[in-house]
Amino acid sequence: PLNVLGGALLHWTGQSSRYMPGDFKIYSNEIASGSAERAEADLTGYDIIDWPLSYDDLEPYYEKFEWEFGISGQAGLNPFAGPRQRGFPLPPLRHSGKMQLFAEACKKLGYHPYDTAAGIASQPYKPSAPFDTRIDERPACVYCGHCNFYGCHVHAKSASLYITIPVAVKTGNFELKTNAKVCRINSDASGQVTGVNYFDADGRAREQRARVVILSAFIFEHARLLLLSKTDSGKFAKGLANSSGYVGRNILAHGDVRAMGAFDDFIINGYIGPGSAAMRIDDFNGNNFDHTGLGFIRGGTIGTSGDGTPVTRVDVLPPDVPTWGREFKEFYQRYYNRIMDLNMQPETLPHKANRIDLDPHARDRWGLPLPRVTFDFHQNEHRLQKYLAGVGDRIMRATGASKVWTEEKGRPNRWAGGTRMGASPKNSVVNHNCQTHDIANLFVVGASVFPTMAGYPPTATVAALSYRTSEFILQQKDWFK
């Protein structure tokens, strides 16, 4: 995420899927149940636990996010989705040529395509009661096609910068300090946090006292701040909230693989429409298919979406075409409007070798150690990525593409983990309320608290956890006397 006001929601694609019920109980459902053994999966080195909460615990907060942030979609099309009390507040975004080809191919193969929930308004939207009516109306998407990596120039994208932050500012109870860098979380002898030290816009060291401290700065900064805030001795000598030693451990990322196709007789115009105008299937997500003898557990979602500008399509290139020169140019002159790719998002299991710690040498401009990331995919991911690439190949061929090729080696994307939640303080950092086990008035909110990662992007689940945690904090009346 960019280090800007509003964070990743400024430039996210907008995919807003809820996790499936089974995504919260991988240890129980797939290890303790014997499913991993039947799959002949090698889980050596992995460190898998259940979430300390369930889909039902988060369902009301998923709903609140969808109705306050204006999520577009259609409930009831995905047979693998969890139960819900309400549909979506807005209809799905328009279908593109990619979505049409993908849906038709999947139906031929007996799969179940559906419109992905999108954090982009398909119509002008303002929440109504019982949701927060203080939120301003947003206009509908204009289908410019520049969602990925960019802010939305009309504010159709669901972003906190122009949805929740303005509401907070108008209350008069919210002070926003921009261009500030927190460098330490302070604690006292009683084991509570007392506030933070930070550098202001002029580089001067400042202190902000606080009754409650909430970290919401993405996974790398969460681990770094907790480790930087260690004390010389005593309870926090290994870092704040780190009595378990789990701060920075078991980081996660999707291992995206792709299937790509070029069409001689069909113009795709893939640059048209937002990135979250997507069609997907969950037939190979989670534990929705038979894993017997496959050598791995879990799965991933498969689909196609927008994002087709020239600069982002230069990597949709057959392996026999050079990456530069005359043949490269001739291929794109012919096929730029005739190529599409399917994206498979295989989940990654928590592995003991994947972690964040403090770099012993590299420093930032304030002289603080940078976070050092050690990450790789391991045996379960390698087998899953290859399998899903094969499924993608099958679907792409069913579209009628003239030429098909695949990318089987995963690329890390959509990070999570590092301060995971769990029932036991011995092997996790926070509890089911995102409250650190060690420090009652310190909370960590974001994808870093995920103990496992589903096949979906984490955003909707991060939002649901944020609403739930906020509600819990507000109930602690003694803290705010």
Using only heavy-atom distances, determine whether the side chains of [X] and [Y] contain a donor-acceptor pair under 3.5 Å.
X      : Y      : answer
His155 : Asp136 : no
Trp12  : Thr459 : no
Asp438 : Ser243 : yes
Asn186 : Asn197 : yes
His254 : Asn413 : no
Ser28  : Asp50  : yes
Arg280 : Gln345 : yes
Tyr61  : Glu471 : yes
Tyr198 : Glu207 : no
Asp188 : Gln192 : no

Any idea how [X] and [Y] line up, ring-wise: parallel (<30°), tilted (30 to 60°), or perpendicular (>60°)?
X      : Y      : result
Tyr62  : Tyr55  : tilted
Phe131 : Trp67  : parallel
His378 : His351 : parallel

Short question: side chain of [X], backbone of [Y] - any donor-acceptor pair under 3.5 Å?
X      : Y      : value
Asp202 : Arg204 : no
Thr133 : Ala129 : no
Arg138 : Ala156 : yes
Asn441 : Arg211 : yes
His382 : Asn380 : no
Gln379 : Thr44  : yes
Asp115 : Gly73  : no
Ser16  : Gly119 : yes
His11  : Gly151 : no
Arg420 : Asn427 : yes

How long is the span from the [atom1] atom in [X] to the [atom2] atom in [Y], to the nearest 0.5 Å?
X      : Y      : atom1 : atom2 : result
Ile163 : Tyr125 : CD1   : OH    : 9.5 Å
Asp376 : Asn354 : CG    : CG    : 7.0 Å
Ser470 : Leu465 : OG    : CG    : 10.5 Å
Ile26  : Ser33  : CD1   : OG    : 11.5 Å
Cys141 : Gln123 : SG    : CD    : 12.0 Å
Arg298 : Glu347 : CZ    : CD    : 4.0 Å

Problem - Full working for side chain to side chain donor-acceptor pair (under 3.5 Å) between Asn433 and Arg468 - result: CA-CA 7 Å; Asn433 290 315; Arg468 189 173 187 271; 3.3 Å; yes
Carboxylate-amine/guanidinium contact [X] [Y], below 4.0 Å:
X      : Y      : result
Lys352 : Asp47  : no
Glu221 : Lys181 : yes
Asp357 : Arg224 : no
Arg84  : Glu63  : no
Glu66  : Arg18  : yes
Arg206 : Asp200 : yes

Exercise for the section: Step by step, work out the side chain to side chain contact (heavy atoms under 4.5 Å, CB included) result for Asn288 and Met20. Expected result: CA-CA 10 Å; Asn288 294 338; Met20 298 180 293; 3.4 Å; yes
Practice task
Identify whether NZ of Lys or CZ of Arg in Arg94 sits under 6.0 Å from the centre of the six-membered ring of Tyr143 and within 45° of that ring's axis.
Solution key: yes
Handout entry: Proximity of Tyr19 and Phe450 rings by center, below 6.0 Å
Key =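 Yes; Phe450 has its ring centre under 6.0 Å from that of Tyr19.
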Exercise for the section: State yes or no: are the ring centers of Phe220 and His222 separated by less than 6.0 Å? Expected result: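 Between Phe220 and His222, the centre distance exceeds or equals 6.0 Å.
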Heavy-atom closest contact ([X] atom, [Y] atom, distance):
X      : Y      : value
Leu240 : Val193 : CD1-CG1, 4.2 Å
Pro91  : Ser122 : O-OG, 2.6 Å
Asn343 : Arg258 : OD1-CG, 3.8 Å
Thr231 : Ser187 : CG2-OG, 4.0 Å
Met421 : Ser428 : C-CB, 3.7 Å
Ala41  : Ile297 : CB-CG2, 4.0 Å

Practice task
Check step by step if side chain to side chain contact (heavy atoms under 4.5 Å, CB included) holds for Phe80 and Asn285.
Solution key: CA-CA 9 Å; Phe80 304 102; Asn285 196 6; over 6 Å; no
Problem - More than 12 heavy atoms of other groups within 6.0 Å of Lys426 NZ - result: no
Problem - Partner of Tyr456 under side-chain hydrogen bond (donor to acceptor under 3.5 Å, both in side chains), chosen from Asp282, Thr116, Asp23 - result: Asp282
